2 protein chains.
Amino acid sequence: MTLPSAKVVPLIPPTRGRTAGKGLTPLAERAYREVKQMVLDNRVHGGEYLLEEELAKAVGMSRTPLREALVQLQNDGLIDIVPRRGIRIVPLTVEDIREVHDLMQWLESQAAYALATRPDRAERVKALRQIVAQMRRLLVAGDITGWAKANDRFHMELVASAGNGRLERICENLLDQSQRVRMFTLRMRKPPTRTNEAHTGMLRAIEEGDGEKAVAIQIANKKAWLAELEEIIERLQLRYL
Amino acid sequence: MTLPSAKVVPLIPPTRGRTAGKGLTPLAERAYREVKQMVLDNRVHGGEYLLEEELAKAVGMSRTPLREALVQLQNDGLIDIVPRRGIRIVPLTVEDIREVHDLMQWLESQAAYALATRPDRAERVKALRQIVAQMRRLLVAGDITGWAKANDRFHMELVASAGNGRLERICENLLDQSQRVRMFTLRMRKPPTRTNEAHTGMLRAIEEGDGEKAVAIQIANKKAWLAELEEIIERLQLRYL
DNA sequence: GCATAAATTAATCTATACATTAAAATATAC
DNA sequence: GTATATTTTAATGTATAGATTAATTTATGC
């Protein structure tokens, strides 16, 4: 493959800084956001198929920008483009949830450990504490969906403290991939007071500069979280969600 | 956004198992592979622009499948699609290399640690040792490019030992993202005997079940690797590559 | 009634025409 | 000569027509 000489143009900020739907055309971006929201809101279910033409009609555009959005969504691991059959919502098995859980635990523990060793960690800890306070209020108010969203913000804020853009994008995507299952099972779980306490304890350890303790608390909480989810999924008797 | 009822079809293996260019149409897949190879082979450079029509002509297809391939490549972090300007090869700064390095170090250390605790690790250690032996032979033969490829296989094999598909894809992509810089600076580095020794030592520690020692060796080698690269880039006086 | 071949259908895949946009070039005023 | 307005150009963004493919349905032979 031979090319004419590539043109060099002044360096401009990359579009990749944006976390999702990055570098897509205007219609493709809208399609990306709308289809993604439909998936994350559990309006469709794992294993189900959608047809391109029907999706295009639903989002009010031709198939060309929609297809570009679908390539992005497939890359995010939310859908599969099945040749000549349609768009399949990626079914999530308990193994998938374990994979995502393991990765998040590994990456978050690195972020927590790194934060515990930073001299200027007080600001970050303060911001994280504010999120936990909000989580407590939402739990008391009975707003479990709001609590889950705040919990996601906590995790993303913790990860952001590592100052690594690629890490942030990876974690945000992992949260997206597991969102359908986490939301589907949310009301079947015990009230997440254990998570609130674990976050509080982890932040105290970070504040004290005790990275190993912070990591130990994080790992224990995440293990308990996964065990409860596995129990729920076993009780549901579903191979995938 | 409202949809007709989604069709449910028998569960078939997802296309996402494939590591790259997954779920793309035949022409899009070919475009993906060819353009990616062009980028990874340093036939274009960071900051340079390419035009869609010229690329389409070069790969011998219309813009439609090419554009789908470009969405995938952008998601891989290899190019940026700049609206109404063209495709830009993502410029890599030393900060980018640090990010990738940090992430790989975190993820690989998890994999190494996990492997060191597995009772059935002998088989994996054996496979990894074979790769290191090949790396030694290639170094003696003066084939530094072959050595670098074998080194990548070592890292991917180590990561694969964790049995986490998402981890593998993430790491493969991180290796891709840093490839242009690593290959560009390859011959400016000292002969990588330190890396060969580090791999050997790490495998011995894993074999002995000493995860912490394995991780310590891995971290030390990666730190030295990065320091040498930073020195080279500073000597080159380039803001990005 | 069953197996296989042939025809039909459904849906994507790809090419390309046309619309749109933003940069570049040119014209104009001072 | 410079600043601003206007026009032109280059390249993408989007819609859709037609090609292609694979699944489904129907026809045929035994």
Side-chain angles (χ1 to χ4, degrees), chain A residues 3-16 18 21-35 44 47-74 79-89, chain B residues 3-15 18 21-35 44 47-75 79-89:
Chain A
L3 283 170
S5 298
K7 208 186 347 174
V8 184
V9 187
L11 188 59
I12 57 176
T15 52
R16 278 187 303 107
R18 294 145 74 197
K22 49 200 177 287
L24 294 176
T25 68
L27 287 185
E29 169 102 24
R30 181 163 69 76
Y32 172 82
R33 281 193 275 100
E34 288 186 25
V35 177
V44 283
E48 287 183 355
Y49 282 77
L50 300 168
L51 302 182
E52 271 184 25
E53 189 60 40
E54 290 178 359
L55 260 181
K57 284 193 172 96
V59 294
M61 66 182 70
S62 76
R63 290 196 290 116
T64 312
L66 172 69
R67 283 178 64 85
E68 295 192 8
L70 296 177
V71 170
Q72 176 73 53
L73 286 163
Q74 176 175 245
I79 64 159
D80 282 322
I81 299 172
V82 182
R84 301 200 178 278
R85 170 156 277 179
I87 288 77
R88 186 179 67 163
I89 310 307
Chain B
L3 283 169
S5 300
K7 205 186 347 175
V8 184
V9 187
L11 188 59
I12 57 176
T15 52
R18 295 143 75 197
K22 50 197 180 289
L24 294 176
T25 69
L27 286 185
E29 168 103 24
R30 180 161 71 76
Y32 172 81
R33 281 192 275 101
E34 289 185 25
V35 177
V44 283
E48 287 184 355
Y49 281 78
L50 300 167
L51 301 180
E52 271 185 22
E53 190 59 38
E54 290 180 0
L55 260 180
K57 284 195 173 92
V59 296
M61 67 181 69
S62 75
R63 290 196 290 122
T64 313
L66 172 70
R67 283 177 64 88
E68 294 191 11
L70 296 176
V71 169
Q72 176 72 53
L73 287 163
Q74 177 176 245
N75 213 277
I79 66 161
D80 280 322
I81 298 171
V82 182
R84 300 198 179 280
R85 170 157 275 180
I87 288 78
R88 186 180 69 162
I89 311 306

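Keep in mind that this is a model prediction, so the values were computed, not measured. Letters A, B, ... are given to chains in the order of the sequence lines, protein chains preceding strands, and every chain is numbered from 1.
For the pair A:Leu24 CG and D:dG13 P, the computed distance is 10 Å after rounding to whole Å. Distance, B:Arg88 CZ to D:dT12 P: 15 Å, rounded to whole Å. Distance, A:Ile87 CD1 to C:dA11 C1': 10 Å, rounded to whole Å. Straight-line distance from the OH atom of B:Tyr49 to the C1' atom of C:dA24: 16 Å, rounded to whole Å. Rounding to whole angstrom units, CD1 of residue B:Ile81 and P of D:dG13 are separated by 8 Å. Rounded to an integer number of Å, the gap from B:Leu66 CG to C:dA15 P is 10 Å. Separating the CD atom of B:Glu53 from the C1' atom of D:dA10 is a distance of 12 Å, rounded to the nearest angstrom. Residue A:Lys57 contributes atom NZ, which lies 10 Å from atom P of C:dA11 at whole-angstrom precision.
For B:Arg84, there are no salt bridge (Lys or Arg N to Asp or Glu O under 4.0 Å) partners, not counting sequence neighbours. Listed by chain and residue number, A:Arg63, A:Arg67, A:Leu70, A:Ile87 satisfy the side chain to side chain contact (heavy atoms under 4.5 Å, CB included) test with A:Glu52 (two or more places apart in sequence, or in another chain). Partners of A:Ala69 by side chain to side chain contact (heavy atoms under 4.5 Å, CB included), not counting sequence neighbours, listed by chain and number: A:Ala31, A:Tyr32.
Among all heavy-atom pairs drawn from B:Thr25 and B:Pro65, the shortest one is OG1-CB, 4.5 Å.
Interatomic distance, CG of B:Leu50 versus CD1 of B:Ile79, reported as 8.5 Å (0.5 Å rounding). Put simply, NZ on B:Lys57 and OG on B:Ser62 are 12.0 Å apart, with the number rounded to the nearest 0.5 Å. The distance from atom CD of B:Gln72 to atom CD of B:Glu68, rounded to the nearest 0.5 Å, is 10.5 Å. Of the inter-residue distances, the one linking A:Ile81 atom CD1 with B:Leu24 atom CG reads 7.0 Å to the nearest 0.5 angstrom.
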When you compare the protein's N or O atoms with those of nucleotides 14-17 of chain D, which come within less than 3.5 Å of each other, and at what distance?
from: D:dT14; atom 1: OP1; to: A:Leu27; atom 2: N; distance (Å): 3.0
from: D:dT14; atom 1: OP2; to: A:Thr25; atom 2: OG1; distance (Å): 2.1
from: D:dA15; atom 1: OP2; to: A:Ser62; atom 2: N; distance (Å): 2.7
from: D:dA15; atom 1: OP2; to: A:Ser62; atom 2: OG; distance (Å): 2.3
from: D:dA15; atom 1: O5'; to: A:Ser62; atom 2: OG; distance (Å): 3.3
from: D:dA15; atom 1: N7; to: A:Thr64; atom 2: OG1; distance (Å): 2.7
from: D:dT16; atom 1: O4; to: A:Thr64; atom 2: OG1; distance (Å): 3.1

Please produce a list of atom pairs where a protein N or O lies less than 3.5 Å from an N or O of nucleotides 21-23 of chain C.
from: C:dT21; atom 1: O4'; to: B:Arg84; atom 2: NE; distance (Å): 3.0
from: C:dT21; atom 1: O4'; to: B:Arg84; atom 2: NH2; distance (Å): 3.3

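Side-chain atoms of A:Gln74 never come within 3.5 Å of backbone atoms of A:Asp80 as a donor-acceptor pair (strictly under, hydrogens ignored).
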